[in-house]
Each structure stands twice: as structure tokens, then as C-alpha cells.
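Step one of this worksheet: look at the structure below.
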Amino acid sequence: MPKAIKFAEKALTVSANAAWHVYDTLNSLIAPNPSFTPKWSDKPLLKSHEKMMPQLGWPRETDSLCPKCIPEVRKEILDGKKDYKILINEKPGEIKARIIEKDGNIVMIKTCPIHGEFEDLMSIDPAFSKHLEDVFPGRDIRAHNDEKLHNHGSSTVTHGRGSVLTIDLTNRCNMMCDPCFMDANQVGFVHELGWEDIKTMLDNAAQIKPRRQMSVQFSGGEPTLSPYFLDAVRYSRKVGYNSVQAATNGIEFAKSPEFCKQAAEAGLRYAYLQFDGIGNEANSHRLVGNLFDVKLRAIHNLHNAGVDIVPVITLINGINNEQVGAVIRFALDNPKIISFLSFQPVSFTGRDEAVSDERRVAQRYTLSHLAHDVKNQVGLGEPVRDWFPISFMSTFSDFADLVHGPQAEWGQLSCGCHPNCGIGMALMIDKETKEARPVTAFLNAEQLAKDIARINDAARSKKISVLGVTLALLRNYEPFEAPTHFQLKDLVKKFDKCFGMTKKDYGKVTGDRSMNDIEKRRADRWNFLFVAGMWFQDLFNYDFRRTEQCIIPYATQQGEISFCAYNTGVGWRNIIEKMHMTATLTKWYDEHGRHEIFAGGKKVKLETDATKLVLNQVDVDKERQHDLDGIGVAKNAREEKVRARDEKMKESAYNSHMSKLYREHVLQEQPAPAGFVPLGAIGGIAPAPKVQEQKEVGSFGD
């Protein structure tokens, strides 16, 4: 039966192709309608040819930062020697950078007149990177009504409204991770938002146009430690955010099913769950004894409560890059639970900003690595055919904006970031049989986007536009490459479910959604698993063309700042948190006590380890990755600091030994007899070390 349906669908796609050409010809003969200005923007919708493009390709020049100058400037600001406004009015630490092809890779090279040349890897596959830039559709509407919130000098966000507003509720955390964007628990003070701060940030964000920011993510530190976490989730839904998220390590959710239920009832839709791999060994570098068990229990509890889970995997070359395939297999084995994976190549910032060149080169991981590792480890996806910049979807968002009309209160979510920022591959998974295929193996996405751009540019009525998109979908579909039981009607349904062409009820996602709505959406046989890669910048590969169109800005007490400018770049986080710190650690502990921290192998106490998740036991039992063992490269910032301290001690001992030899053999000085007390010691000056102690120290240099 399925094969007969496939032949019928093939005939329909051929007919749709012919009908499309008629439709497109008629559409092109009539002058396009002007773009309307929706309620959520003071500027009209952009046609495809009106979208601005950053300079792409290579070789190219861009604006960057010196990895040595910036920490020095930031320290002067934090020490009170300079005003933070120099970051707005001047350009401290800014230098030019060149992006070129070199030895089969794409690299960034920049030279600071003070600190010399820096080079870092951008891509191991130039053809892959060229593909990402070739299909980039251009920038979104320029941000407006934002003067009070977007004023951060060269770091200012200028285009679009992005996809997720991020709010750090606290810098406290119940773990001590390496790596860590914010150096949690190590800065010497507590920065925690009060209730009025939280409400103000959410209210202010809704005023910026274009008003697309339907998603807000509460982060930290660990956001669940904030006493206002549930209130913040509840208020977000009240003021219109339909996707409220928490970036979490999952500990509190794993410990308490009741807390998960409370979060879901408040309106939490997604938990972005830190998730470094399959098995406790793969997570051992986080120094929590049963961390993988914690993740599984958190997923189990959250899903039962109606919250969707997005595992977020920080990828470090030599530490856990071999876990890419294991994590994808985990998602394929649990298609009724996992519908999104977010891989994040390491950014050397926070605890890792002072990374050595040796470790940076060894651990650098790029988006091109990710695409190839997915193919090599699980046999899914051709890098150039199946991976696209996440901004590629903005053409489809433009279509949704068109058919939703000028009276819509919010614009469609639009991931309009730079093509070097994020990528994605969509897999269509049969929840019953677990068969999986890349969507772009049976849907010509590149041509479909071009077709839809033509529909958007014509700006016809909703009915005519929906007809055109339906024809475009059908003509670009290859039924024999789709999963066995997948049908054309499923494709149209998926598109409608995502972009709301017909307003059919697939289960509400608005603030008043119920568990029935959640179950209704989950009942779909097909899991559209999106495998994303989001690569945040650090000082070694920083590009201001990326921060200008950031889709994940931070709401702060000093306005909204791009993710990379806040966490890396000039490091606005360090400055703003100190400017608005809640209390010193000592004062905080006196008033609130110490919160529990899981580190040093300490285990989280769980009521039970039982879950409904399917596991691949081979992946669970696999040893941790050993690539960096025995080659002399530190694995993390903590180990690097220990090594640096040991080297300093050795150097000091060596210098002491050489000084002793110089005094004895060049100056002909004789060693002081045992028990001799120098005259200066009578006045409080410490006595010279004993000869025996000198020999012991000096032995390090022998």
C-alpha cells in the first residue's frame, strides 16, 4: 500500500510542478503589491531584494577584538580606573581581522600593534562554509523603538528582534563546571535580580520593534535557585511570551517531580538541559558523581509534567566530541520525548578566557566539525545538502508574517543571525518505527525557499499566497526519498503546524494552553527533530558583523546586549554584574546561608533512578574520551592553573638554584654555617633559608 501511495504522490508532484509554473508566470505578470506595515513594526515587511547583507565570502576583512587588550581594559573598568562609557564612546581593543582560506581551512588572522598576531580556526570545510553563506537570505528589519535599550557602542544590536530573549536571574549555581560562560560561584559577589528588575526587563523587551521576541529564556547561574523563578515564568506568559524556557543543569527538576509540575503550570514550555553525553563517564568532567542519572531523571519528570526538553551539548574537541553520535542515537531512540538537540561548540570565555594557545588549538571545535561528526558517527546528513544556517528559516517566517496579516500582535519568530553563528539539520522520524531521514533528502529546501521568496515578494492575498506555497511544497517533494510511511498530507500538515497557514487547531501554544493541548501536539506520528549547532564567539574569533544581528540578546540592567558581547567580547557581563551586585559573598552567606554545590564527585540524592527513557547500553558503558591524555595538553582551566602554578614554582626554584651557584662560583661567596643568624634578622627581616632547604628546592632545576 505505501508504495502505491508513493507513485500517486509522484504523479501529484509532477502536476504541481506544472501548476506552479502557471501560477508563477501569472504572479510575475501582475505588479507586486506593496508591503504592509504590521502592528508589531513601524517599518514595512522587507522584500527579499531589500534585505541587507553583511560582507560574506573570503578573503574578507571585518572588525574584531584583541584577546589581550580586552581583559586589560575590562580590569581597569572593574578596578574603577576607567569609566565603562568608554565602551560606548570609544573603541578600546578593537582591531581589524582577515578571514581567509589557508591550508584547506578557513581561519581568522588579526594583528594587534601591542600584542602581535593571533590566528584561529573557523572551519575545516570551505565548501560547507560557502554553502551556508550562499543560502543566507539577508538581515531582518532594522531594530527600532530601541534607543534606550540598544546603546552599547560597537556591540550594539542593530538588526531584527531575533528568537530568544535571555535573562540571567542569578549568578549563583549549584555546580562548578568547566567550561562556564560566566565563571559562576567564582566572582566574589552575588548578582541576583529582584522582582521589579525582572518585570521591567520583560516589559521593556516587548516595546522594541520588530516585535518578534515571543520566546524568553531564564538562565544564570542556575535559574531555579532564584526565589522568583516560577513568578518570572508566570509573568512572562501573562505579558505575551508563548515560549518560556529555562537553561538549566536539571538538578532541581530531577530531585522533585512536584517542582516540574509547578513550573509547567506556571507556563514553562522548554527546558534547555545541559547534557554533555551518554553515561556518567561522558559527563565526568563536570565533577558530579551521578550527573547522567540526574539528566535522565530530569527529562523523565519534566516530560511527564508537560515540559519539552532540549538537550544542550557543549562540544570540546578531545573531551566529548565523540559523543555527538551517542546523543543523536539517544534522540532517535526516544522520538516521543526529544524533538530538539542543541550542540554548542566550546567558546573560550568565562573560566576559560585565559586559555593557553596550546589548549585552544587542541580543543577548538567548529560547526563544520559538527556536520561531519554527525555523518561519520551516525551516518545521517550530507554536510552541503542537509545543513543550513538557522537564518535560512527566516524566509519561511516572512511567509508567516504575510499570511498572518497587518493586525497580528507579534511577528513570527525569526532566527535571522549571521550564517557563521548557527546551523541546523532537520530529521523526520517515525515515532512508531523510529525510521529517520533528513528532511532535505526528500524536500528540495533551497529551491523551496526561492519559490517562497517569490510568493512573499508578490505580497498577494492570504488565499493566493497559501495556494502558491502549497504548490511549491508539492513540486519540491520527492516521495520515494521520504520515510516509508510519510505522506504528502503529513508534509503539508507539518508546515501548517509550524507557520499557521490555516489556523487549524493542533493544540494551543499560548499562555492558556492545557495538558490536553500538549498531548494533542504530541500525538502527531512524526517527530520533526531539529539538530542545531550554535557557535558562540570568544575573543579569538570575534566578529562584530555577527553581534550586530544577534538573535539571543541578554536583557540587563543596562539595556539589551548581544549574547557574545555580553559573555565574551568586551565582557559586559563582568561590568554590569559588578555595577549592580546584590551583595558580597560574605554578606549574602550571613543573610541567606550557603546553597548546596555539587562538585568534586559529589552525588545528587534522587528519590529513584527509574525513567521511561530508552538507552543504548553500548553508549552508556563507554569510557570517557582519552584523546588529550598523554599529550601534555590540559583538559580545563582548573588543570591549566595548577600546571601554571607548578611551572612557576619550578622556575622560582631553578632561579634560586642558579643564584646560589652564581654566588658561590662567580662571587666566591661561602655558604653560611648552620645556625648562623644574619644581622638583619634581628630587626625583623626573615633569616636566610638553611643550606639544606636550598638544596631541596634547587633539586627541581637539576
Side-chain angles (χ1 to χ4, degrees), residues 164 167 169-170 172-175 198 215-238 241-276 283 286 288 290-312 330-331 334-342 507-523 527 595-596 598 603-615:
V164 182
I167 298 179
L169 296 180
T170 178
R172 294 185 298 129
C173 188
N174 47 9
M175 289 179 61
I198 295 167
S215 301
V216 58
Q217 182 174 107
F218 294 110
S219 185
E222 172 54 42
T224 57
L225 296 186
S226 166
Y228 300 112
F229 173 69
L230 295 177
D231 293 325
V233 172
R234 198 174 291 112
Y235 187 77
S236 299
R237 298 305 292 259
K238 178 182 175 181
Y241 296 90
N242 71 17
S243 177
V244 184
Q245 310 165 6
T248 176
N249 57 35
I251 290 175
E252 296 304 312
F253 292 117
K255 287 159 60 177
S256 173
E258 179 59 28
F259 182 60
C260 295
K261 182 180 177 183
Q262 291 173 357
E265 290 173 348
L268 186 67
R269 186 175 174 189
Y270 290 104
Y272 272 64
L273 181 68
Q274 176 205 45
F275 194 91
D276 283 345
N283 290 270
R286 299 286 183 181
V288 177
N290 61 339
L291 192 56
F292 184 61
D293 302 325
V294 170
K295 305 303 179 184
L296 296 183
R297 192 64 197 169
I299 293 171
H300 178 94
N301 291 346
L302 286 162
H303 188 263
N304 284 351
V307 179
D308 291 327
I309 301 97
V310 180
V312 180
F330 174 74
N334 296 278
K336 295 181 180 180
I337 298 175
I338 306 296
S339 60
F340 199 115
L341 294 173
S342 179
K508 290 186 290 188
V509 295
T510 48
D512 58 344
R513 73 174 185 158
S514 67
M515 197 64 192
N516 287 335
D517 293 310
I518 294 169
E519 294 298 343
K520 193 172 185 179
R521 293 186 74 83
R522 288 178 175 177
N527 178 4
H595 63 273
E596 188 173 20
F598 297 91
K603 291 186 176 183
V604 178
K605 187 176 181 180
L606 302 174
E607 290 183 3
T608 175
D609 292 339
T611 74
K612 57 186 176 183
L613 293 155
V614 177
L615 298 175

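The model shown is predicted, which means the values in this text are computed figures rather than measured ones. Both backbone and side-chain heavy atoms feed into the values below; hydrogens, waters and symmetry mates do not.
Looking at Ser215 and Gln217, their side chains never bring a donor and an acceptor atom within 3.5 Å of each other. If you check the side chains of Glu222 and Thr248, you find a donor sitting under 3.5 Å from an acceptor.
Taken from CD1 in Ile337 to CZ in Arg522, the straight-line distance is 8.5 Å, to the nearest 0.5 Å. Here Leu291 contributes atom CG and Lys603 contributes atom NZ; the two are 12.0 Å apart, rounded to the nearest 0.5 Å.
When all heavy atoms are compared, the tightest approach of Leu606 to Asp609 is CD1-OD1, 3.6 Å. Contact detail for Ala264 and Ala305: the closest heavy-atom pair is CB-O, 3.2 Å. Across all their heavy atoms, Ala331 and Ile338 have their closest contact at CB-CG2, 3.9 Å. Here the closest heavy-atom approach between residue Val244 and residue Arg237 is recorded as CG2-CD, 3.1 Å. When all heavy atoms are compared, the tightest approach of Tyr228 to Ile198 is CB-CD1, 3.8 Å.
Partners of Asn527 under the side chain to side chain contact (heavy atoms under 4.5 Å, CB included) rule, at least two apart in sequence or in another chain, are Pro335, Ser339, Ile429, Lys431, Leu529.
A side-chain donor-acceptor contact under 3.5 Å links Asp517 to the backbone of Ser514. Put simply, the side chain of Arg269 never gets that close to the backbone of Val307: no donor and acceptor are under 3.5 Å apart.
Between Tyr270 and Phe340, the distance separating the two ring centers is not shorter than 6.0 angstrom.
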Residues 253-263, side-chain donor-acceptor partners within the protein, below 3.5 Å, at least two apart:
residue	atom	partner	partner atom	Å
Lys255	NZ	Glu252	OE2	3.3
Ser256	OG	Glu258	N	3.4
Ser256	OG	Phe259	N	2.9

